[in-house]
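Since the structure is predicted, the reported quantities are computational estimates derived from the model, not experimental observations. Quick note: numbers below take in every heavy atom, side chains included, and nothing from hydrogens, waters or symmetry partners.
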Amino acid sequence: MAEMEAHDVAEPVSPRDAVKSGARPADPQGLLKHSREFLDFFWDIAKPQKETRLEATEKLLQYLRTRPEGSEMKYALKRLITGLGVGQETARPCYSLALAQLLQSFEDIPLCSILQQIEEKHDLQKVKKATMRPILFANLFGVLALFQSGRLVKDSEALMKSVKLLQALGHYPNHLQEQPQKALVDILSEVPEAMWQEILPKVLKADLNSVFASPEHLELYLLAHQKVPAKLEELMGSVNLFSDENIPRLVTVLKTAAASVKKERKLPAVALDLLRLALKEDKFPWFWKEVVEQGLLTKQFWPASYLCFRLLGASLPLLSKEQLQLVMRGDLIRHFGEHMVTVKPRSQLKFAPEMTEYVGTFLEGCQDDPERQLAMMVAFTSVTNQGFPVMPTYWRVVRYLSAPALKGYVSWLRDMFLQPDLDSLVDFSTCNQKKAQDASLHGPERAVFRLRKWVILHLVSIVDNLHLEKEESLIEEVARFCFFHSFFETKKPTSQIPETEQQFSFPMDGRSREVVSSAFFSLLQTLSTQFKQALEQTQDRQSWTYRLVQFANMLLNHNHHVALVTPFTTKQRQAWNRMLQTLKELEAHSSEAKATAFRHLLLLVGIHLFKSPTESCDLLGDIQTCIEKSLGEKTRRTRSKATNPEEPPWVEVMVEILLALLAQPSHLIHHVARSVFSHICAHMTPRALQLILDVLNPEQSQDEDDNVVVVDDSEKQLEDEEDKSSDSEDDKHSGSEDESDEEDRDGDVDPIFREQLMAVLQTGKALGGEDDDDEELGDEAMMALDENLASLFAEQKLRIQARRDEKNKLRKEKALQRDFQIRVLDLIEVMATKQPKNPLMLELLEPLLNIIRRSMRTSSTKQEQDLLHKTARIFTHHLCRSRHYCSNVGNFVETLYTQVERLVQQAGHQADSSISRYYFNASFYLLRVLKGNTSEKSSHKKKAGTDTNSKPTDPKVAQATSCFDLSRVTPIYSSALRSFLTKRNSPLTVPMFLSLFSRHPMLYKSLLPVVVEHVTGQTRSRHQAQACLLLQKTLPVRELRPCFEDTEWEQLMSQIMAKVTENLRALGEAQTKPDRLKERSSLELLNTLFRIINHEKLTVDLTGVRSVLQSQQQNLQQRVQQGGHSTGSCRLYDLYWQAMKILGVQRPKLEKKDANKIPSATQSPVSMKRKKKGFLPETKKRKKHKSEGTTQEEDAKPTATSGDQPPSTGKKRRRRKKAKVAAEAQVNGMSAANSPAPKPPTVNPSTPAKSRKLRKRKKKLSQVNGATPTQVNGATPTSPVEPAVEKEHQQELPTKEVSGKLPQSALPQKKAKLSLAVRSPSLFQSQSKKKKAQRRKWKKP
């Protein structure tokens, strides 16, 4: 803290750092000693996190409120003032805000004293060049802190001093730019009028040139004109800012202001103040025309244009109706429209979102004035580009319109559609459009078409924005208007049909009717989906579609007043009347869900009768027939009438109808088709399902031309090339041609074209031989050759274009086919969801698998990927993972077994394992179905009443009562398993069989001999590793153990142990990657076997395994020392010692050499003393926790012989000798029985454990039966010792005998731990004390 107070600009030192560095605080009252929490507040205030700063400021204020008169307040003010000029720029505003809140909370602190402290601490007179910028910002933020406290405008003395300080800061524009002037304007804007009288002469000069010097000075003048106009006139006289000579100055100042806020994207306050002054002085027309349109817009300066746009949006609430007409029909609005058309839609420079906010604010603010709202909407809609309004068709500001304004706006749109008034529009053309020489682009017909297109789409979007039932009449009006002008025309006006009362000023052409028809069906989809709850049910409880059908029927009956654009034939009119009759019949079944779906489908197809009469007429007849048959099934109990055997069932006909509807591009039709299919899927027949699968089968759908024809809606949609610039289209077209030309160049040359070219050249003698080298072609011959070549290349170009068109056509057909298949998959998903227990679901497996297999091979396009993802989702979630499945297979059991075999075989023949996984999962699904169905024998027994209430819990009993025949399934999966364990590149994987074994443990019992067989033998090493991995993952599974008897399980463990022992005989000799994988898998399997034997207390002979592991220790040690394959070798070495630890042998620990512990003989005490430099505090010293192994190693280490070393005792010498003898005996292969083994030391129970590890081992010793030595099958294991790599001596390992059964672990998954007899802690402490005493003697001179 003393360093912080000594420097003016440097950031203070943290109190935590001050304590670490040893600096002592210089506070005489001891403030820093007892208020560490208080000091931390200031560090948290400067942090970048907003929440941390606010919390620290609030805590500081609470702390100071409890001690208002103490030294903490003085220190806080001093610290905050110092923080205003810190080098960290982000911390300055934080200290300024905290100082402002402090002054606001404690009003008894005088502002003049704070300002004086700021000037003294950050003196501008004594500032150096290096520290100028922080000092300037410190003064600026200090004044801002006084202003933000809210007390500055009330203190005249402090206010005057602050104004003088800001004026002084204004002389440093290189650092502060215009910030002092902006702060001065903000402060003076809140100064009361009485204080303005005194301040005005000091802040404003009596010179008009100074007013136009900067936007801030002009803003200060406008502020004074607003606050004290009389005093201002007395100071500067009568000033006319809007005079002709001041116009260029105003334009310059506004351009400067626009450039200053370019990054902030906001309107400068000076521009809005000038607008208000112009409105106040009744000079708005002159200001708008001279300053805005002829001043700021004359040059292409986009910041000035955006300033004008923002000024337009901000001025909307301030303008009257006449002034609004002036603004919305001038050059600025045309410039805005050109900006809307030319700027890219997603560009950041597009001003449309900001203008939408301005208009929305205006409409929301004048809800009680519908005329102004209507005038605003009409004004913006009238801004058009060659007849097309620039505002988007889906304009969200419509939601702010009141009901009268909305009704008037819709009426105005209908009038503009029927009788377009092109003269009332503010129309413009872009530069590219003006350069176009085509006269058709500038005719009124094109403008009318573009206007009508926008109007009808905008009417539909207005309905999308409506959410209230009270606007139902407006929705019906728009729907009737769209439907009438889509398909009907007026012959004679009548009052019964309001749509006939107005005539077209420009006749409706076919393109306009197609646009209106498309918009109508889009509106119909909105009414059927978005307004299903609020607007679909009207007062008569009839849907919108039914009301439109009634309106269409009324129009058809008034054939004297209206007429269809495409008149109905007699057959089509009969189909219409029959549809109405069927609707009346369906009303009797209105309570049934199926009848409601049929009614919706019938209404929708009836509406489409006006759009496509021929197709819809046939569909109506088939739908009505299907409806009659489906509803007559329940009422007809007996078959009194003979049915035609050749006539297909009604379900099949309905499926064909739904497939035809799915081929249409309408989303509404797709929704209705899915809804209808959800009600008829319960009546599906195999033939009806096959109709759907034929569409999904790519081979049949490509060969058969009789299938459903998919409609390409993109060809029927209108071209919008007039909405885009011609340049972009030309560029796009040229780019596509260049790409296609490059493709043609890269491809092979057509041999026919080559022959024709050679013939032309030979005919023209352009290919000369040896005899005609000197002969040259004449001019006529050259001209003829050029003509022939030109015609030949023209024909070739036509052929290339034809091939290109054919290729594009095939690509489009394929895309349409994929889209159609994606839609048809919706029907499969509906059936799988609604009817999971239907036996027909079993027929979906292979077709879906064929789609997945084909899509994975050719999933290059997005449509192929969508088809693949959707098919895989249906197959996985709705079939394989479904909770319900077919529970009545009946006579299909044999077929299911054949299908299981076929699926498993196909899984093994796939090229990719990801595809094979789906086939394997399909076989699991069929096994689940077989297991869930009961056999006929068991069903007969249940009927006879034998144990019907008992539930079979045994897997064998459950298998006997189900259709699942283990003897038939085992060969299928056995062959697959053998293929997996013998085939070089098998698509089958280990997780597939793991899933099979976990689902069907009895099947795994039958397949287990196959896996055990391939652990060793003539198979490849990789396959042996896979067999070991399968056993390692499956043996610990709980569901597998009940399938074996105790004797069988013990024999199985012994058999696997023998196989693994055979693999481990070559441990450490692997050279290839598969062999190393085999070694690691064998050791992992061995550890798993040890855990199972330990957990279940099995009696297994481990003598062979132990001897094999001991014999391979030297190979593993050499492999680790050589460093080859370090990662794999270390892992293998760890697995080896895990197994040895379970057998009772503890792994020795390696210890690095420490040269500092034992000094060499040549090293003198003087040199050691010189090496000791500095002093390490106690907190920095590393605490070494010595373990049991370390203690034993220290005891086994020999001491260095030097003259200064005290002689060792005989006890230590004897202990080292014993350790050396034991180590040599173990290295030479001597058994522990032949070599004298030392007795394990006893543990002193009264001495507490030194470490946590020792305490755990002590607890283990108490749990074991007295820590008695144990044996395995009567043999005492030896203790192989790991030789040290860089150690002079080996350490002694305590021998441990192993019991007849392996030590039991707490959990089967955890490693078995054996407790060793450790040395006494007291002995450990005494030895460590002796060694420390020896080191102290060595270090003495």
Exercise: do Q503 and T490 side chains pair donor with acceptor under 3.5 Å
no

Is it the case that the side chains of Q690 and R687 hold a donor-acceptor pair, with the cut-off being a distance below 3.5 Å and no angle test?
no

For [X], side chain to side chain donor-acceptor pair (under 3.5 Å) partners two or more places apart:
| X | result |
| --- | --- |
| D415 | Q502 |
| S382 | none |
| H558 | Q496 |
| Q581 | none |

Among pairs that include at least one residue of residues 566-583, which meet salt bridge (charged side-chain N to carboxylate O under 4.0 Å, His left out), considering only residues two or more places apart or in two chains?
K571-D618, R578-E628

Which residue pairs pass the salt bridge (charged side-chain N to carboxylate O under 4.0 Å, His left out) test with at least one member in residues 485-509, sequence neighbours excluded?
R480-E499

Cationic tip of R513 within the cone over F487's six-membered ring, i.e. under 6.0 Å and within 45° of the normal?
no

Can you tell me how the ring of H485 sits relative to the ring of F504, calling it parallel under 30°, perpendicular over 60° and tilted otherwise?
perpendicular

Heavy atoms only: give me the nearest L825-I874 pair and the separation to one decimal.
O-CD1, 3.5 Å

[X]-[Y] aromatic ring centre distance below 6.0 Å:
| X | Y | value |
| --- | --- | --- |
| F449 | F506 | no |
| F417 | F481 | yes |
| F568 | F610 | yes |

Which of these, L603, I627, T596, sits in a side-chain contact (heavy atoms from CB on, under 4.5 Å) with L586?
I627

Distance check, rounded to the nearest 0.5 Å: Q525 atom CD versus D464 atom CG?
9.5 Å

Identify, with sequence neighbours excluded, every residue that meets ring-ring contact (aromatic ring centres under 6.0 Å, His included) alongside F521.
H608

Who pairs with E477 by salt bridge (Lys or Arg N to Asp or Glu O under 4.0 Å), at least two apart in sequence or on another chain?
R414

Under the rule for side chain to side chain contact (heavy atoms under 4.5 Å, CB included), what residues qualify as partners of [X], not counting sequence neighbours?
| X | value |
| --- | --- |
| S518 | none |
| S461 | Y394, H458 |
| S678 | V830, K834 |
| V359 | L316, M355, L363, M376, F380, W395, V397 |

Given side chain to side chain contact (heavy atoms under 4.5 Å, CB included), test D826 with F677 step by step and report yes or no.
CA-CA 10 Å; D826 292 339; F677 185 78; over 6 Å; no

